[in-house]
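Heads up, the thing below is written out as structure tokens.
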Number of protein chains: 2
Amino acid sequence: MRENVSEMPEYCTVEAAMEVVGGKWKMAILNYLTGGPQRFGELKRALPSITQRMLTRQLRELEADGIVLRTVYAQVPPKVEYSLTTIGKSLEDILQRLEEWGAWYREQRRP
Amino acid sequence: MRENVSEMPEYCTVEAAMEVVGGKWKMAILNYLTGGPQRFGELKRALPSITQRMLTRQLRELEADGIVLRTVYAQVPPKVEYSLTTIGKSLEDILQRLEEWGAWYREQRRP
DNA sequence: CAGTATCCGTTCGGATACTG
DNA sequence: CAGTATCCGAACGGATACTG
């Protein structure tokens with residue numbers, strides 16, 4: 001046990017991480033962005049069950065947290081691309097493992 | 001593109017994973033369980049900001065999903081231990097990386 | 001000790017309609 | 001195309017009291 005709370009061994013570091021990437025759709029969104037920049041509509045099609053509103057909100061939060069970069073092209077019709085920032089790219093390893101784990105877990109539960 | 005949706009490349013595998021471990025506290029709980037079996041009260045102290053009710057609920061969900069094992073000892077006063085199942089242990093690698101990432105992310109955001 | 005039960009306010013998330 | 005606006009129910013979260 002340490003005296004200083006801020007120095008506690010692993011004091012809710014996982015908690016802190018989940019505040020950033022713990023949103024219901026965030027990991028899935030980020031996973032698709034590992035394939036390179038994606039437009040809003042592409043993400044919408046990739047995640048059929050997310051609503052437009054939720055996609056917008058989760059993307060805005062990820063942007064505010066420095067994970068995702070939003071690039072607006074001055075065109076008509078509008079074109080907006082979302083991509084991973086350097087910080088976002090540092091999650092790629094975790095995302096891949098999560099994806100593998102998810103596939104494996106499904107098999108385990110369906111014997 | 002494949003014809004069969006159920007065979008789609010990575011169709012929401014990450015989504016499926018997050019349905020299981022995406023709860024607000026689940027990753028943090030699991031992270032503490034990597035240190036070995038923990039009693040209810042130990043987990044409560046480890047996660048000071050979770051309420052008793054929420055801890056109970058998240059543990060029950062993890063148990064139902066086969067991630068956590070709940071062992072009740074027939075004693076007075078009661079003793080209940082929570083531990084990772086084999087499936088739960090398969091998350092240890094991800095949990096460690098998530099913890100490392102969380103610590104690193106904090107530094108990045110506080111320059 | 002390890003919960004359950006109840007109440008209640010806040011936040012999250014979904015459905016639908018509309019717009020520059 | 002890439003969003004907003006509005007409404008609403010579900011889930012989250014806190015406080016408090018009670019129990020085997």
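Sequence lines set the chain letters: A, B, ... in the order given, protein chains first and strands last, and positions in each chain run from 1. This one's a predicted model, so the numbers in the text were calculated from it and none came from an experiment.
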Practice task
Answer with base, sugar-phosphate or nothing: what part of the nucleic acid does A:Gln58 contact at a heavy-atom distance below 4.0 Å?
Solution key: sugar-phosphate
Practice task
Determine the contact category for B:Lys24: base if any of its heavy atoms lies under 4.0 Å from a base atom, sugar-phosphate if only primed atoms, P, OP1 or OP2 are that close, otherwise nothing.
Solution key: sugar-phosphate
Problem - Sugar-phosphate, base or nothing in reach of B:Arg53, heavy atoms under 4.0 Å - result: base
Fill in the blank from the handout: Interatomic distance, CD1@A:Ile67 vs OG@A:Ser83, rounded to 0.5 Å, equals 12.5 Å
Fill in the blank from the handout: On DNA chain D, more 5' by nearest nucleotide between B:Glu61 and B:Pro77 is B:Glu61
Practice task
Determine, for A:Glu61 against A:Lys26, whether the closest basic-nitrogen to carboxylate-oxygen distance falls under 4.0 angstrom.
Solution key: yes
Handout entry: Nearest to side-chain heavy atoms of B:Thr51, which nucleotide of D:dG14, C:dA15, C:dA2
Key = D:dG14
Exercise for the section: Find the distance A:Met54:CE to C:dT11:C1' and express it as a whole number of Å. Expected result: 10 Å
Practice task
Remember a base hit wins even if backbone is also touched, and classify B:Gln52 as base, sugar-phosphate or nothing at under 4.0 Å, heavy atoms.
Solution key: base
Problem - Closest to the B:Arg39 side chain, choosing from D:dA2, C:dA2, C:dT4 - result: C:dA2
Handout entry: Spacing between A:Glu15 atom CD and D:dG13 atom C1', to the nearest angstrom
Key = 13 Å
Exercise for the section: Would you mind reporting whether B:Leu47 and B:Tyr32 have side-chain heavy atoms less than 4.5 Å apart? Expected result: yes
Fill in the blank from the handout: note: B:Trp25, atom CH2; D:dG13, atom P; distance rounded to Å ~ 6 Å
Problem - Selected nucleotide, minimal atom distance to A:Lys79 side chain, candidates D:dA2, C:dA15, C:dG13 - result: D:dA2
Exercise for the section: In whole angstrom, give the distance that lies between atom CZ of B:Arg60 and atom P of C:dA5. Expected result: 11 Å
Handout entry: A:Ile94 and B:Trp101, any side-chain heavy atoms less than 4.5 Å apart
Key = yes
Practice task
Figure out the OH/C1' separation between A:Tyr82 and D:dC1, and round it to whole Å.
Solution key: 11 Å
Practice task
Starting from the 5' end of DNA chain C, give me the residue, A:Gly23 or B:Arg45, whose nearest nucleotide shows up first.
Solution key: B:Arg45
Practice task
Rounded to the nearest angstrom, tell me the gap between atom OH in B:Tyr73 and atom C1' in C:dG3.
Solution key: 17 Å
Problem - Donor + acceptor pair across side chains of A:Glu92, A:Gln96 (<3.5 Å) - result: no
Exercise for the section: Please give the nucleotide sitting opposite D:dA11 as a Watson-Crick or G-U wobble pair, both distances under 3.5 Å, or none. Expected result: C:dT10
Handout entry: Within-4.5 Å side-chain heavy-atom neighbours: A:Leu59 and A:Phe40
Key = yes
Problem - Selection from C:dG3, D:dC1, D:dG3 that lies nearest to any side-chain heavy atom of A:Val80 - result: D:dG3
Exercise for the section: For A:Gln38 and D:dC1, give me the distance from atom CD to atom C1', rounded to whole Å. Expected result: 15 Å
Problem - Proximal nucleotide (of D:dC12, C:dG3, D:dA2) relative to the B:Arg70 side chain - result: C:dG3
Handout entry: Identified pairing partner of D:dT19, criterion: Watson-Crick or G-U wobble below 3.5 Å
Key = C:dA2
Problem - Atom pair distance, as rounded to whole Å: CD1 in B:Ile50 and P in D:dG13 - result: 8 Å
